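Sharing a structure below in structure tokens format, with a few things to ask.
We use all heavy atoms of the structure for the numbers below, so side chains are in, but hydrogens, waters and symmetry mates are not. Keep in mind that what you see is a predicted model, and the values were worked out from it rather than measured.
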Amino acid sequence: MTAASEHAGTGTLGKAIDVLEAVAASPEPLRFTDLLKLVDQPRGTLHRQISNLIEEGLLSVRRDNSYELGLTLLKLASRAWSGNQFRAIAEPHLKRLHELTGETVHLGVLRGVEVIYLDKVESRQAVRMYSQIGNASPVYCTGVGKAALSALPDAELEKRLTAIVFKRHTETTLPDLAALRGEIAEIRATGLAFDRQEHEVGIHCVAAPIHSRDRDFVAGVSATAPAYRISMEQLTAWGPLVRETAAAIMEDMAARLGPKA
């Protein structure tokens, strides 16, 4: 199932989101006939959706008649990012972790079976990560994703786990649900999650979970580095720093976001 098809049948707004998600997710520019194959909408309905999205500035048309996300979406995303309270609370703690490690620090929040990156402090080194704020990655092969999963209540965790479709990204990607369950148990015991080059070859990280008091909101923070430069031993040594960062963020959440934090 594609990301777009998950919204099928949810009305006009859902159909519009289908189109936007298809355009955003595609590595190549999409034309009308491409979108017609990707989204479950009649030709006339799709044409109206695209016309409305272009009129509102949510889509724009390239010279070759393919589509790209419009400037209005970028403005909305920018406002959402700058006004996000959780990101603002976490920011000084991310910078401190970055200062202590010198490597890339990520902040991500759990959404379904993906983790969305809300913030990133880039490494001081010449070789840097290609991750971007706003990008989504699978939970089962990323440190932040696995850390966030570990913070879920058991019933909610099982719902998310059964929705995961496993895809092997590298030789070390966890292959199945049993392997992921075993790793989540370990993360709950140690407070640390690792990405052992499971999403990208040559990139690994150590992460820790962040959650609200009622665990209705879960996220994660990580220190990420190239495997050729930073060993697993060094990542493990950074574990307490990452845990302390997560704890400091949660403490500030509790103080500034009120009873639900």
### Query
Going from NE2 on H204 to OG1 on T170, what distance comes out if it is rounded to the nearest 0.5 angstrom?
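These two atoms lie 12.5 Å from each other.
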### Query
Below 4.0 angstrom, N of the basic side chain to O of the carboxylate: do D64 and R31 qualify?
yes
#### Entry: Ionic contact status for E91 with K95, cut-off 4.0 Å
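Yes.
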### Query
Do any N or O atoms from the side chain of R243 and from the backbone of W238 form a donor-acceptor pair under 3.5 angstrom?
no
### Task
Measure from the side-chain N and O atoms of T72 to the backbone N and O of E56, and report whether any donor-acceptor pair falls under 3.5 Å.
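Side chain of T72 to backbone of E56: a pair is present.
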### Query
In terms of side-chain geometry, is the basic nitrogen of E183 or R196 positioned less than 4.0 Å from the acidic oxygen of its partner?
yes
### Task
Working to the nearest 0.5 Å, report the span between CG of L94 and NZ of K120.
13.0 Å
### G112 backbone acceptor or donor facing R160 side chain under 3.5 Å
yes
### Exam field: side chain T172 to backbone Q197, donor-acceptor pair closer than 3.5 Å
yes
### Query
Which pairs pass salt bridge (Lys or Arg N to Asp or Glu O under 4.0 Å) with one or both residues in residues 161-170, sequence neighbours excluded?
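Found none.
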### salt_bridge(K159, E156) N-O dist < 4.0 Å
yes
### Query
Is E158 salt-bridged to R181, cutoff N-O under 4.0 Å?
yes
### Query
In terms of hydrophobic clusters joined by side-chain contacts under 4.5 Å, are M250 and I187 together?
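As far as the 4.5 Å side-chain criterion goes, I187 and M250 are not connected within one cluster.
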### Message
Rounded to the nearest 0.5 Å, what separates atom CD in E200 from atom SG in C205?
### Response
10.5 Å
### Query
Got a donor-acceptor contact below 3.5 angstrom from the S26 side chain to the A22 backbone?
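No, the answer is negative, given that no donor and acceptor are paired below the 3.5 Å cut-off.
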### Task
Mark yes or no for whether T104, through its side chain, and E122, through its backbone, hold a donor-acceptor pair below 3.5 Å.
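Not a single qualifying donor-acceptor pair exists.
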### Query
Can you hop from L118 to V113 via hydrophobic side chains spaced under 4.5 Å?
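No; tracing contacts between hydrophobic side chains, which count when under 4.5 Å, never links both residues.
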### Test item: Q49 side-chain N/O and V19 main-chain N/O as donor-acceptor pair under 3.5 Å
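Flag not set: sc Q49 to bb V19 has no pair under 3.5 Å.
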### Task
Give a yes or no on whether the ring-centroid distance for F86 and F217 is below 6.0 angstrom.
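Yes, ring centres under 6.0 Å apart.
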### Task
Give a yes or no answer on whether the side chain of T245 reaches the backbone of L241 with a donor-acceptor pair at less than 3.5 Å.
yes
